[in-house]
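A short write-up of the structure that comes next.
In what follows, every chain begins at residue 1, and chains take the letters A, B, ... in the order their sequences are listed.
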Amino acid sequence: MVLINYTRRLLSLRTKRDVHKVPRNFDPSLHPFEIPREYTRALNATKLERVFAKPFIGSLEGHQDGVHCMLKHPKSLSTILSGACNGEVKVWNLPSKQCQRSISAHSGFVRGLCMQPDCQSFFSVGDDKTIKQWKMESPAYGELEEPVMTILGKTMFLGIDHHWKEPFYATCGDRVDIWDETRTEPMRSFTWGLDSITSLKFNHVETNVLASTANDRNIVLYDMRGATPLRKVILEMRSNAIAWNPMEAFIFTVANEDYNLYTFDMRNLSSPTNIHMDHVSAVLDVDYSPTGKEIVSGSYDKTIRIFPANKGRSREVYHTKRMQRVTCVRWTMDNKYILSGSDEMNIRIWKSAASEKLGVTTGREQMSKQYNEKLKATFAHHPQIRRVARHRHVPKSLYSASREIRIIRESKKRKEKNARAHSKPGTMEIVPERQKHVVGEHE
Amino acid sequence: MKPTKRYFGADAVAAKTDARQDDGRKDKSGMNESKSGTEDRLMLLPDDSDSKQTSKKRSKVPNMRKIDPYPGEAPVSEDTVKKYTKTKKVKSAGIKGKYHEHRYKQQVQATRLAATQAARAELLLREDTGYFEADEGEDTSKISQYDIADAVDITSAEKFFELHLDKFGPYRINYTRNGRHLLVGGRKGHLAAIDWQTKHLMCEFNATEVIEDVKWLHTENMFAVAQKKWTYVYDNQGLELHCLKLLDSVLRMEYLPYHFLLATSSAKGYLSWLDISVGKQVSGCVTHMGRLDVMCQNPHNAIIHLGATGGSVTLWSPSVKEPLIKMLCHRSAIRGLAVDTTGNYMATAGVDRSLRVFDLRTYKPLYKYKISAGATCLNFSQTGLLAAGLGNVVEVYKDCHKSQVTAPYMSHRLTSPMTNLQFCPYEDVVGVGHGQGFASLIIPGAGEANFDALDVNPYQTKKQRQEWEVKALLDKIQPELITLNPHEIGQIDQPAMQSKLDARSKLLLIKSPKSDFEPKHKKKGKSKTGRVESRKKGRRFEEKREFIKDTVKLRKTAAVEESQSSEPAQPKTTLDRFKSAPQTGSRVT
């Protein structure tokens with residue numbers, strides 16, 4: 001005969017500093033209602049996630065005109081540069097939200113900014129047809145803020161980007177020029193098409209490859225070493241910006257005027273690999289997260305949206321009452337923050353995960369977070385949980401606009417379906433959504 | 001009686017290590033003589049008991065390795081793993097694509113790992129349950145409580161005691177979920193809350209009203225008392241916190257700990273659920289079953305079982321106004337009702353002096369026992385012992401739901417007929433409320449020996465209790481989730497086969513919808529009654545034609561599906577040509 005007798009055992013405290021023992025028994029029969037309890041926890045976790053979703057951290061104020069372009073420092077997490085519509089370039093310190101340096105760089109817009117790989121100096125292009133090189137160091141007391149080098153071009157430059165490793169940079173305007181840092185004449189020039197080229201980006205991995213978007217609806221790929229451009233694809237509408245996936249060398253995404261973003265595989269431009277829909281106005285800028293898993297986009301509809309790179313719909317929408325048209329967005333290199341510059345002269349700092357706790361987390365917090373994430377994933381498809389997780393409050397104009405777009409899309413679909421039903425079988429081809437928006441591909 | 005070893009001492013460890021050696025592992029040293037179990041897993045390979053020289057040598061040789069005599073992870077038996085495996089194995093057939101195949105494999109591995117680790121943690125359990133083991137010709141039910149109290153140690157002996165309260169009886173009793181606190185309520189109004197192990201009286205007072213039932217709520221800070229007219233909630237100092245006028249003339253109460261619900265059944269046949277965390281009634285229904293004085297809960301799925309005078313047991317959930325299940329269990333009135341902790345077995349006792357055990361998975365009777373008197377109260381212990389109160393005799397049966405037993409495991413005679421009994425959780429004790437007070441009896445092997453301190457902790461401190469309370473409130477399960485299968489919410493909602501069949505049969509009986517077409521009014525005599533009617537008729541005909549077309553198409557596809565799903569066709573013979581051709585699609589009228 002064995003009788004239960006707990007008190008004799010180690011349950012009591014042995015010394016003053018002893019901790020209370022917590023014996024565990026994982027026998028399932030002692031833990032009834034396991035699944036309903038986990039469901040309740042998942043629901044609570046989802047609700048709490050929405051409660052704590054406060055993505056806006058702060059804004060960088062000081063520009064005298066709308067912010068037109070931004071540059072994240074490749075090595076320093078706390079530094080960003082921004083160029084405004086009045087030709088002013090500002091260097092910001094993110095933790096203190098202070099402007100460290102202010103340069104009247106150009107007359108007219110600052111069209112683009114880029115940085116050398118060694119971070120010693122940066123370049124800016126503006127409406128005044130100049131490329132200017134600036135030292136990253138602030139001038140000493142008494143010194144004037146003057147560019148290291150100024151190149152006067154023949155036409156306006158609309159964008160600039162630096163090679164990720166070598167001392168070359170590329171500008172775009174009415175053509176794409178490749179420049180050596182030490183020279184004042186371009187090494188090479190590419191033209192394909194007639195209209196001006198609005199943006200260009202170097203590939204992070206295949207560092208000699210670059211892509212540009214142009215006003216004549218083209219997206220053109222170049223190899224810096226070649227004499228002619230590689231390929232081009234024409235979409236239905238103009239693309240405003242381009243971003244390469246930092247992890248997958250072949251993948252890039254363009255922000256299009258037709259409210260969508262298109263992700264392409266460089267090897268097959270005949271149709272995009274994904275279309276990211278949700279914006280209700282032209283998309284003006286796009287950037288990848290450093291993990292390559294997500295995309296952030298800023299739009300003329302005054303919102304920022306975050307898309308999973310492989311999904312067609314956004315997971316998050318950020319907006320405020322005061323934020324106007326978003327002209328540029330950047331995802332910081334620590335994958336934690338999103339920066340957005342907008343028409344009303346502010347740069348805003350957002351969290352990339354809206355409900356994430358900032359600062360140091362303890363081990364137990366980490367554990368609980370992981371547990372909650374797993375629960376949310378497990379029960380994600382339950383209607384109540386899905387409803388809570390999906391719900392976002394958006395301004396009424398945005399809500400009605402998105403509804404309108406949905407209705408338009410549905411009605412188009414319906415019309416097409418009806419037309420197909422009343423025409424001879426086989427005469428109306430079914431064109432997948434992904435192929436609808438591509439006009440042509442040229443080599 | 002054969003008193004066996006009892007505590008987790010040296011011998012228990014030795015026994016465990018012996019068992020491990022039997023697993024085929026080599027052990028060169030005298031492991032069996034070891035006194036403490038934990039630190040002797042690591043041993044030095046060379047024998048270091050000889051002299052100081054060897055120890056000096058050892059210090060010189062840097063690579064003198066400690067060798068684990070039991071390398072690798074501790075072995076776990078397949079049965080134990082099975083016990084901790086919570087999910088059924090999903091068939092891998094039909095999984096399409098390598099990605100999903102890979103994910104499936106990962107899932108299987110992860111579940112297996114989780115179950116194995118949980119099973120391995122069983123090694124850390126400190127207590128063992130044990131029962132009386134009768135020698136040949138010995139009857140364990142003959143052993144008196146006094147014999148047991150003499151044989152066991154002082155602390156255990158103290159668990160056998162009686163409270164003589166002959167003025168205000170008969171008494172109803174209730175233990176808290178962790179088994180530390182006891183509530184006794186005499187019919188004539190006497191109420192007392194006791195920490196029964198230390199015998200510390202928390203409060204004692206007289207409600208000056210008839211008391212029908214007493215129940216602890218989620219912690220030992222609050223309890224509910226069903227008094228003559230209304231139900232009251234008191235705190236552990238005896239202060240009246242609430243008077244629940246919603247719940248009138250209540251006879252029995254059940255507390256559902258994971259849902260924070262107080263289920264009450266009244267003399268007027270009204271069954272209700274009250275959420276005690278917000279104080280609102282969740283649901284209530286008129287059962288039309290007369291006086292409801294037999295009630296119990298199924299701890300596995302929180303369904304309320306009600307026993308009726310007609311001999312039927314009905315199962316109730318707050319989300320449904322009708323009984324979920326109605327079982328006719330006895331030919332006479334039901335007096336006692338109990339469901340075991342696994343929720344698989346239900347014991348019922350009727351006035352016809354019979355005790356029956358039912359399987360709640362199939363709702364079929366398993367065993368039938370004839371007992372000496374009609375049992376007025378039944379209760380299952382955590383380990384599955386069944387206590388029955390037969391007049392003034394307590395009888396405890398062991399494994400009566402697993403096999404037909406012939407004799408009780410233990411029995412005890414009281415001074416007066418009993419009204420209520422309950423096994424104390426996590427203790428080898430059954431508490432009995434009777435006409436002249438309360439008795440606490442020792443029943444070896446009744447309680448679960450190893451508690452999980454994060455769920456229910458008999459030794460929790462105030463701080464731990466407060467923390468637990470918050471967590472439990474956060475995990476409160478909504479009453480809508482009380483269903484016969486508590487794991488329903490984790491399963492894929494597949495439409496039942498029956499509903500599929502119904503939908504198919506409906507297809508044959510479907511009627512064309514009525515047309516609500518109203519022709520436009522036209523001028524120049526075109527909207528004469530006859531013309532309008534003919535236009536209507538044409539439209540009606542057209543719609544019916546469309547409808548018939550669609551249904552025929554649907555039926556054809558259904559027929560094709562059916563023929564595909566049925567067994568493969570027999571090989572054709574020459575005689576098959578004389579068979580009538582199968583009809584495809586019948587005419588619609």
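Using a 4.5 Å cut-off between non-hydrogen atoms, the part of residues 360-388 of chain A that approaches chain B consists of A:His382. Contacts between residues 30-49 of chain A and chain B, counted as heavy-atom pairs separated by less than 4.5 Å, involve A:Leu30, A:His31, A:Pro32, A:Phe33, A:Glu34, A:Ile35, A:Pro36, A:Arg37, A:Tyr39, A:Thr40, A:Arg41, A:Asn44.
In A:Glu433, the CD atom is crowded: over 12 heavy atoms of neighbouring residues, nucleotides or ligands sit closer than 6.0 Å. The number of heavy-atom neighbours closer than 6.0 Å to NZ of A:Lys413, taken from other residues, nucleotides and ligands shown, is 12 or below. No more than 12 heavy atoms of other residues, nucleotides or ligands lie within 6.0 Å of NZ in B:Lys553, so this atom counts as exposed by the packing criterion. The number of heavy-atom neighbours closer than 6.0 Å to CZ of A:Arg390, taken from other residues, nucleotides and ligands shown, is 12 or below. Heavy-atom contacts from other residues, nucleotides or ligands closer than 6.0 Å to CD1 of A:Ile430 number 12 or fewer. Other residues, nucleotides and ligands place more than 12 heavy atoms under 6.0 Å from the CG atom of B:Leu113. More than 12 heavy-atom neighbours from other residues, nucleotides or ligands sit within 6.0 angstrom of CZ on B:Arg465. Residue A:Lys357 qualifies as enclosed at atom NZ: its count of foreign heavy atoms under 6.0 Å is above 12.
In this structure A:Arg392 satisfies the salt bridge (charged side-chain N to carboxylate O under 4.0 Å, His left out) test together with A:Glu316, sequence neighbours excluded. Remark: A:Lys16 engages no residue in a side-chain contact (heavy atoms from CB on, under 4.5 Å) (not counting sequence neighbours).
Considering OG of A:Ser29 and CD of B:Gln382, their distance stands at 8.5 Å, rounded to 0.5 Å.
Only the backbone of B:Lys476 comes within contact range of chain A, with at least one heavy atom under 4.5 Å from a heavy atom of that chain. The contact between B:Tyr84 and chain A is made by backbone and side chain atoms together, counting heavy-atom distances below 4.5 Å. Of the atoms belonging to B:Lys83, heavy atoms from both backbone and side chain fall under 4.5 Å from chain A. With a 4.5 angstrom heavy-atom cutoff, B:Ala302 touches chain A via backbone and side-chain atoms both.
The backbone N or O of A:Arg24 sits nowhere less than 3.5 Å from a side-chain atom of B:Asp452 that would complete a donor-acceptor pair.
Counting only heavy atoms from C-beta outward, the side chains of A:Val22 and B:Gln464 approach each other to under 4.5 Å.
Put simply, of B:Asp455, B:Ile443, B:Ile477, the one with the most heavy-atom pairs under 4.5 Å next to chain A is B:Ile477.
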